[in-house]
Amino acid sequence: MRFSKLFGKTLRQTPSEAEGTSHQLLLRAGMIAQEAAGIYSFLPLGWRVLRKIENIIREEMDRVGGQELSLPVLQPIELWLKSGRYASFGKSLFTLTDRKEHVLALGPTHEEVITELVHKYVQSYRDLPLLLYQIQTKLRDEPRPRGGLLRVREFIMKDLYSFDVDEAGLDESYQKMIQAYKNIYARLELPVMMVEADSGAIGGKESHEFMVITESGEDEIVYCSNCGYAANIEKAQSAKTFVPSRSPEQSEGEALNLEAKDLLPVKEVATPGAQTIEEVANFLGISPCQTLKAIFYSADAEFIFIVIRGDLEVNETKLKNVLKRNELRLASENEVREKGLVAGFASPIGVTLALKIVADNSITIGSNFVAGANKPGYHLKNVNYPRDFQVALLTDIALAKSGDNCPKCTGKLSSTHGIEAGHVFKLGTFLSEKFGAFFLDGNGTPKPIVMGCYGIGLGRLLAAIVEQSHDNKGIIWPLSVAPYQVYLCPLHLDNPEVSSAAEKVYQELQKRGIEVLFDDRNDSPGVKFNDADLLGIPLRLTLSPRTLQSRSMEAKWRTKKEAQLLPLGDATIEISRLLNTLQIKG
RNA sequence: CGGGGUGUGGCGCAGCGGCUAGCGCGCAUGGUUUGGGACCAUGAGGUCGGUGGUUCAAAUCCACUCACCCCGACCA
């Protein structure tokens with residue numbers, strides 16, 4: 001490709017709309033262009049990269065026996081009502097109405113369609129297992145697109161769906177896909193961390209995400225460097241520390257030495273002005289972990305009373321899951337007041353049974369807690385569950401955080417940020433049951449197909465590579481996905497010797513099947529070198545009167561500081577050899 | 001949806017009641033240049049996001065509205 005003919009210009013100044021690194025570099029390099037919030041065009045350079053990523057993914061899917069197909073973007077809304085995910089996807093589902101007033105969804109994903117399809121064609125265990133995939137545009141009306149390609153409303157995604165006869169088969173498919181994903185990231189030279197994940201609106205039980213670790217990532221990850229436990233914060237657990245019972249009494253000078261099982265009688269204590277956990281703890285001279293915190297949510301319009309130990313925070317994803325609700329938000333002050341509760345002094349003790357109380361299991365780790373008295377200016381001490389109050393649900397709804405104890409070993413948890421670069425789910429049978437996707441086993445018994453699904457967003461992957469691999473000059477593409485392998489950069493193009501030598505090298509490289517971007521512009525060296533660096537093409541070849549004097553050209557890798565001189569005679573052979581060894585290594 | 005910000009040639013910005021709306025980059029033409037974003041000359045390109053209002057006069061003030069960005073909510 002001749003640079004002078006290339007559609008899309010490099011920009012010297014970063015468009016002001018771009019904040020994140022990958023967004024800025026991709027815009028400046030002329031790889032993408034924004035059309036609307038979260039909607040992008042891929043220009044020729046960006047599109048080449050995307051297609052290379054796509055091919056790598058396709059090869060790895062085919063390698064494990066995946067069969068590619070194409071599924072519709074326009075999907076009858078009935079499919080979504082049938083699966084029950086119309087509600088869980090909520091406003092993220094784009095819909096439209098056709099001329100017959102029939103409502104259609106613009107596919108945000110394709111589990112419904114594929115399950116319906118498989119239902120039609122699979123009747124026997126002999127048809128299973130099955131791995132089907134598609135690489136297509138998906139649409140989601142994200143509440144807030146951001147970060148360039150990292151979170152968009154229209155995106156190309158590879159989705160593979162696995163169909164097995166039983167859990168064991170699903171496990172096998174799941175492991176296969178995890179390996180395929182690892183192969184993909186390796187070929188993209190993208191280091192990832194595999195973490196336990198929440199399955200969100202997709203539904204299902206077990207789920208893992210592949211995270212590209214970077215501070216700019218929007219997901220938070222909690223991990224243990226001792227045993228390797230790693231999970232998305234939404235899912236992460238921690239071992240809650242036991243809290244010795246004591247302080248409110250001691251703070252009054254009573255030298256008590258209590259066992260956890262020694263429950264003291266509830267006593268009211270004045271705590272004027274102390275509303276937050278911190279204020280109460282300070283006032284009483286105790287630590288926050290010896291208090292109980294009351295928090296109020298509205299879950300699909302139902303009022304929920306949460307009790308959790310004072311040192312912990314509520315994990316809203318966990319809460320949403322245990323409640324099996326779609327919409328969760330903090331209750332407003334009015335809603336709290338209407339229920340007869342006193343914010344800042346609310347108590348689970350004595351609240352009407354009509355209120356649903358959900359508690360974190362941390363309230364059983366410790367005893368004689370301080371809780372609100374449900375009366376302004378007062379708290380209760382020596383509150384104990386279940387002696388003093390009942391709950392509808394007692395489970396883990398706490399947010400894990402850095403510094404907590406690892407749930408799997410004796411180590412401590414750390415936290416970091418990452419970009420979700422792939423997500424695998426064990427769906428189980430809930431979709432196949434809803435769609436009647438059953439097969440007959442060897443005994444002639446109908447059974448629901450056991451499903452899994454495995455997604456990778458291509459644009460997100462592309463952006464993640466840039467986030468991960470760049471310097472202050474620009475992008476550094478791995479050879480496997482670079483838009484071109486070689487940047488041919490002649491200087492003094494008005495010099496006939498240079499131009500004819502460059503043309504010759506250009507032709508020869510192309511003959512060898514090497515992808516070359518030929519900078520045939522008559523610009524100054526600085527312009528060309530800077531564009532070469534910005535575009536991030538792995539190998540730069542410079543030809544100039546100077547190098548021609550020694551019958552050579554200069555070769556410089558984007559990743560290296562130093563350049564080397566290659567004799568002109570067999571330079572293209574040498575380059576082809578270098579690229580091949582690298583390609584194999586990659 | 002809540003909070004904040006920004007809309008002026010392709011990109012980055014200035015102008016914030018007064019005359020013909022400027023600057024840098026980029027673009028075009030000619031010339032001189034060329035190893036890390038060269039220089040000179042000439043030139044093209046803008047209904048100042050939109051609508052309505054105030055005024056002798058609006059890019060500039062007011063109201064509404066739209067779009068985009070950031071934080072939060074939310075979200076594979």
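Numbered from 1 within each chain, the chains take letters A, B, ... in sequence-line order. For the numbers below, each heavy atom of this structure counts, side chains included, while hydrogens, waters and symmetry mates do not.
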Checking base pairs now: Watson-Crick or wobble, both atom distances under 3.5 Å. What partners [N]?
| N | answer |
| --- | --- |
| B:rG9 | none |
| B:rU20 | none |
| B:rG30 | B:rC40 |
| B:rA59 | none |
| B:rG2 | B:rC71 |

Do you see a donor-acceptor pair shorter than 3.5 Å between the side chains of A:Asp164 and A:Ser173? yes
I need the minimum non-hydrogen distance between A:Cys453 and A:Glu111, along with the two atoms involved. SG-OE2, 3.3 Å
Between [M] and [N] - [atom1] atom distance, rounded Å:
| N | M | atom1 | result |
| --- | --- | --- | --- |
| B:rG31 | B:rC48 | C1' | 36 Å |
| B:rC11 | B:rC27 | C1' | 12 Å |
| B:rU51 | B:rG12 | P | 23 Å |

NA contact type, A:Arg521, heavy-atom cut-off 4.0 Å: base, sugar-phosphate, or nothing? nothing
Identify whether any heavy atom of A:Ser207 sits under 4.0 Å from a base atom; if not, whether one sits that close to sugar-phosphate; answer base, sugar-phosphate or nothing. nothing
Output field: ring centroids A:Tyr181/A:Tyr454 closer than 6.0 Å: no
